[in-house]
Amino acid sequence: DTGAGLKGTLAAVPTEVYAGDPVALNWSVTNAGNAAFAGLPIAVRIIDPATGQELAQVPTTIDLALNQTEQRTQGWGTSDAEIGKNLIAALTAQLSNGTRVTLAQDSFRVVEPPIKLELGVRGHSEARVLALVSCPPGDDTTLPDDPSHGSTNRPAPDRTRDQRRR
């Protein structure tokens, strides 16, 4: 088997994935050759292109008749991936002679997840929450332009003077 008739597609979704979230690996393999494949090992390999190191492999096995296409979605969790890394997902088939053929590839980036804060206050209609946020030096000190909070993207007011008058 040469695998000459095997063709593949691969899409990593999303292209920017939050560290710890899974990336969906949507792939298809088509047999446009002249022989059927039974028990064909398929894998999506996650590779760091900077080092060439294989970080993970998501394997499966498929049967492909002539002119048949197999489509799947597999996930890979990014909890062990380094934030800021561009990674490559490569769809491969392992032929009966031991040769590994790359059918398709796509790339994605692991990014820092946003801060999530979920709070619930019960029994206190006047309850308030104070959140302290630290920004790096030189960071903009304006309020976000978010209509749901009534802000207008203007500098945050200095309320220290107003607090002393009360």
In Å, rounded to the nearest 0.5 Å, how long is the span from CD1 of I46 to CZ of F108?
-> 4.5 Å

With sequence neighbours left out, the residues meeting side chain to side chain contact (heavy atoms under 4.5 Å, CB included) with T73 are A24, N26

State plainly whether one hydrophobic cluster holds both V101 and L25, where clusters connect Ile, Leu, Val, Met, Phe, Trp and Tyr through side-chain heavy atoms under 4.5 angstrom apart.
-> yes

With side chains defined as the heavy atoms from C-beta onward, is the minimum distance between L6 and F37 less than 4.5 Å?
-> yes

Are the side chain of R72 and the backbone N or O of S28 linked by a donor-acceptor pair below 3.5 Å?
-> no

Are W27 and I47 in one and the same hydrophobic cluster, where Ile, Leu, Val, Met, Phe, Trp and Tyr link if side-chain heavy atoms are under 4.5 Å apart?
-> no

Interatomic distance, OG1@T61 vs CD@Q94, rounded to 0.5 Å, equals 10.5 Å

4.5 Å side-chain heavy-atom contact, L87 and D48 = yes

Around D63, counting heavy atoms of other residues, nucleotides and ligands shown, do more than 12 lie under 6.0 Å from its CG?
-> yes

For the pair N31 (side chain) and A65 (backbone), establish whether a donor and an acceptor sit closer than 3.5 Å, ignoring hydrogens and angles.
-> yes

Option among I88, L91, T102, T92 that satisfies the side-chain contact (heavy atoms from CB on, under 4.5 Å) test with L10 | L91

Minimum heavy-atom distance A90-Q105, with the two atoms named = CA-CB, 4.1 Å

Hey, could you give me the CG/CD distance between L40 and E70, rounded to the nearest 0.5 Å?
-> 10.5 Å

Any donor-acceptor pair under 3.5 Å from T78 side chain to Y18 backbone | yes

